[in-house]
Amino acid sequence: MLRMLAWVAGVSALVAMFVFFRPIGIGALIRSLGFSGISIWIVLTVIARIVLGETTIAPMAAMGYRLKRTEAFWIGWLRTFANQIMPVSGVVAYAHAVRARTNISWSEFAAMATPQFVLAATALGTIGLLAVAVNTGSLGSSSVLIALVYLGVIVASLAVTRSAAWIIDVLPAQLSKRARQTSTALRKIATTRGLIIRLVLYHAIVILLRGLRVWLLFAAVGVSLSWNEALLVVAIAESTLLIQVTPGGLGLREGAIVGGAALVGVPASIAAGVAILDRVLVVALIALLTPPSIAVLSRSSIE
């Protein structure tokens, strides 16, 4: 039931975009992008996925576990595929795939995976603050409020990452065994020199690479965004990662791109077309790479 409601919400949001914004034709956009443009879009996406794999490999290494980079890359596609079915279901697929290739316990896995969301939020908040700082003219009086929101995201996410172990330690005794395993693992992550900074940097690179994809699509239709305008659109679009209510952010991300583009003067019809084309390309690439990811991962096991 929840799966159906999530899909209905996402599809309804896309339908609303077609009704209200009347986006330019996807076929025309693809022709404008051309083979070279699509190839660059794919390369940016693949690089982003390679970097994203490091956000799993690095904390696991800090806890004494080894996951191959090729495995992390293919697990990422499996996770994305699952997320297209139901919000956050990719976490379940991700967990089973990682545990099938390592001896990591559920408690340690929770300690490794849980900070990823908040560290991604830290990266997003940092990029958001920068975007606001270089676009005060476009944002006007709302720049202060938006900056405070992004600052709050940074403070809250870092506090959760660094304080989670202490919070776990004060849980009731009946939860102590699993809680202590998680607490120990969290401390390894928090105290490993430079690890949190590296993870935030990895997430920031991934966000910016996804932003370059959108910038490329705007350029293909003749909309020349300055770097600071593009950064603002990216920050607003990626903020939907904090609200996982539809599969893969379906409808939400597209609406955020339209909203961000409107702030820098891009017509809604063009922005909606670009947002929908980005979604079409993502779905097509997922459909293309999910079968080989399943095939590769089915052959790998704990060494």
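This is a predicted model, so every value here is computed, not measured. All values below were derived from every heavy atom in this structure, side-chain atoms included, with hydrogens, water molecules and symmetry-related copies excluded.
Looking at heavy atoms from C-beta onward, V233 lies out of side-chain contact with V266 at the 4.5 angstrom threshold. No side-chain heavy atom of L29 sits less than 4.5 Å from a side-chain heavy atom of L217. In this structure, M63 and I104 have side chains that are in contact, with non-hydrogen atoms separated by less than 4.5 Å. Side-chain contact check for R66 versus T102: every heavy-atom pair is 4.5 Å or farther apart. Residues L212 and L208 fail the side-chain proximity criterion, which asks for heavy atoms closer than 4.5 Å. Using a 4.5 Å heavy-atom cutoff, the side chains of Y150 and S239 are in contact. Side-chain contact between R69 and E54 is present, with at least one heavy-atom pair separated by less than 4.5 Å.
Here the side chain of W215 pairs a donor or acceptor atom with the backbone of L225 at under 3.5 angstrom. Of the possible polar contacts, none joining the R213 side chain to the L209 backbone as a donor-acceptor pair under 3.5 Å is found.
Across all non-hydrogen atoms, the minimal contact from A271 to I257 is O-CG2, 4.2 Å. The two residues W41 and L285 come nearest to each other via the heavy atoms CZ3-CD2, 3.9 Å. Between A123 and A204, the shortest heavy-atom distance links the atoms CB-N, 3.5 Å. A131 and A235 make their closest contact through CB-CB, 4.0 Å (heavy atoms, listed as atom of the first residue, atom of the second, distance). Across all non-hydrogen atoms, the minimal contact from G125 to I154 is C-CD1, 3.5 Å. In terms of heavy atoms, A256 sits closest to T240 at CB-CG2, 3.6 Å.
Between atom CG of residue L288 and atom CG of residue L281 there is a gap of 12.0 Å, rounded to the nearest 0.5 Å. Taken to the nearest 0.5 Å, the CD1 atom of I205 stands 12.0 Å off from the CD1 atom of I50. One finds the CG atom of L297 at 5.5 Å from the CD1 atom of I75 (value rounded to the nearest 0.5 Å). The CD1 atom of I236 lies 10.0 Å from the CG atom of L231; values are rounded to the nearest 0.5 Å. Remark: W77 CH2 to S293 OG distance equals 9.5 Å, nearest 0.5 Å. With rounding to the nearest 0.5 Å, the separation of OG in S142 from CG in L263 is 7.0 Å.
Both V43 and V206 are part of a single hydrophobic cluster, where members link through side-chain heavy atoms under 4.5 Å apart. In the hydrophobic clustering of this structure, W227 groups with I127; members are Ile, Leu, Val, Met, Phe, Trp, Tyr whose side-chain heavy atoms approach within less than 4.5 Å, directly or through other members. One hydrophobic cluster holds both V282 and L277 under the rule that ILVMFWY side chains link at heavy-atom gaps under 4.5 Å. Grouping the Ile, Leu, Val, Met, Phe, Trp and Tyr side chains by contacts below 4.5 angstrom, directly or via other members, places L241 apart from L130. No chain of hydrophobic side-chain contacts below 4.5 Å, direct or via other Ile, Leu, Val, Met, Phe, Trp or Tyr residues, connects I30 to V283.
V144 shares a hydrophobic cluster with L148; the chain of contacts runs through ILVMFWY side chains whose heavy atoms sit under 4.5 Å apart.
For T55, the side-chain contact (heavy atoms from CB on, under 4.5 Å) partners are L52, Q116, L199, Y202, H203, not counting sequence neighbours. I294 is linked by a side-chain contact (heavy atoms from CB on, under 4.5 Å) to L78, T290, counting only residues two or more places apart in sequence or in another chain.
There is a side-chain donor-acceptor pair under 3.5 Å between T56 and Y94.
Remark: R49 fails to qualify as a cation-pi partner of F73 under the 6.0 Å distance and 45° angle criteria applied to the six-membered ring.
With V264 as reference, L232 is the one residue of L232, V223, N228 to meet the side-chain contact (heavy atoms from CB on, under 4.5 Å) rule.
Taking 4.0 Å as the cut-off between side-chain N and carboxylate O, E238 and R253 count as a salt-bridged pair.
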